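Working notes, beginning with the structure itself.
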Amino acid sequence: LASPQGFVANPALVWQWYDWRRGIVEGASPNPGHLALARLEQLSQHFTLITQNVDRLHHRAGSKNIIELHGNILNYSCFSKRHPANFVAPGLTEPPLCHCGSPLRPDVVWFGESLPASAMPLATDAVLSSSVLIVVGTSGLVQPAASLPYIALESGIKVVEINPVRTPISDQVDVFIE
């Protein structure tokens with residue numbers, strides 16, 4: 001369901017599944033981790049939050065300078081040309097059409113797709129201009145985002161990892177907090 005092939009095969013099913021997911025996301029609230037990161041941003045002169053999450057909970061927590069590597073489930077674009085779309089009413093059983101005639105889709109990165117062209121350059125620049133990279137709550141396996149801590153380490157930037165379990169980068173970071 002989270003692939004271009006799934007959308008082409010059954011656009012109504014994929015649309016309805018994402019509509020259901022959007023409802024869950026809209027009913028969710030930021031957790032203490034989201035709120036702590038937003039507070040950290042308020043205390044810092046230069047702070048960029050790089051996320052693979054598509055749920056906008058960082059925005060709702062109050063974070064401002066956010067790079068969403070995998071897009072945003074509450075935004076839409078057309079399937080063919082990725083034209084951005086304005087508000088789309090919930091509860092539709094079929095994807096509405098873009099002004100160009102292509103069906104709309106959630107503006108997220110699906111399996112087999114590349115990140116938006118500007119996402120990794122922006123994230124890499126943010127990492128390289130930082131003095132500390134804090135890596136929070138990730139498996140450290142999803143590329144290309146998983147490369148960011150290695151870029152920081154290779155550049156002499158301190159890396160702090162906060163995770164419930166160890167990841168492939170845990171033994172290389174400056175500080176690991178379980």
Side-chain angles (χ1 to χ4, degrees), residues 1-4 6 17-77 105-178:
L1 294 175
S3 72
W17 183 62
Y18 273 96
D19 192 55
W20 170 74
R21 290 183 67 201
R22 279 189 292 275
I24 292 170
V25 165
E26 288 172 339
S29 297
N31 67 35
H34 296 107
L35 299 171
L37 290 169
R39 179 68 179 131
L40 188 58
E41 181 177 359
Q42 292 172 354
L43 298 172
S44 176
Q45 283 187 317
H46 303 288
F47 184 95
T48 302
L49 194 147
I50 303 165
T51 185
Q52 293 172 283
N53 297 344
V54 298
D55 55 23
R56 289 195 66 91
L57 290 175
H58 288 297
H59 292 270
R60 290 173 44 200
S63 292
K64 303 283 185 233
N65 191 19
I66 303 171
I67 299 171
E68 294 174 308
L69 293 178
H70 291 175
N72 188 307
I73 196 170
L74 300 176
N75 292 342
Y76 307 91
S77 62
R105 56 165 282 175
D107 197 22
V108 298
V109 176
W110 281 335
F111 292 104
E113 292 182 325
S114 297
L115 297 183
S118 65
M120 273 308 286
L122 285 172
T124 301
D125 287 349
V127 168
L128 291 174
S129 68
S130 67
S131 54
V132 177
L133 175 66
I134 304 172
V135 180
V136 181
T138 181
S139 67
L141 298 174
V142 178
Q143 292 292 352
S147 68
L148 294 172
Y150 294 101
I151 291 169
L153 290 168
E154 290 170 7
S155 300
I157 297 163
K158 300 291 183 197
V159 178
V160 176
E161 180 185 20
I162 303 170
N163 259 317
V165 297
R166 298 185 75 78
T167 69
I169 193 105
S170 298
D171 292 332
Q172 298 174 54
V173 300
D174 296 284
V175 177
F176 174 76
I177 301 171
E178 186 172 350

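All figures in this text were calculated on a predicted structure; none of them were measured in a lab.
Ring geometry for H58 against H34 counts as perpendicular: the plane angle is over 60°, on a 0 to 90° scale with 30° as the lower cut.
The shortest side-chain heavy-atom distance between V142 and H70 falls under the 4.5 Å cut-off. Between S29 and L57, every side-chain heavy-atom pair lies at or beyond the 4.5 Å cut-off.
With hydrogens and angles ignored, the 3.5 Å screen pairs a side-chain donor or acceptor of D174 with a backbone N or O of V159. Distance alone, capped at 3.5 Å, is enough to place a donor-acceptor pair between the N163 side chain and the T138 backbone. With hydrogens and angles ignored, the 3.5 Å screen pairs a side-chain donor or acceptor of E113 with a backbone N or O of W110. Of the possible donor and acceptor atoms, none in the side chain of S44 sits under 3.5 Å from a partner among the backbone N and O of E41.
The two residues P149 and L133 make their nearest non-hydrogen contact at CA-CD2, 3.6 Å. Across all their heavy atoms, L128 and S155 have their closest contact at CD2-OG, 3.2 Å.
Side-chain N/O atoms of E68 and H59 include a donor and acceptor closer than 3.5 Å.
For the pair R105 and Y76, the cation-pi criterion (under 6.0 Å, within 45° of the ring axis) is not fulfilled.
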Are D55 and R21 close enough, and set up right, to give a salt bridge (charged side-chain N to carboxylate O under 4.0 Å, His left out), and what steps lead you there? CA-CA 9 Å; D55 55 23; R21 290 183 67 201; over 6 Å; no
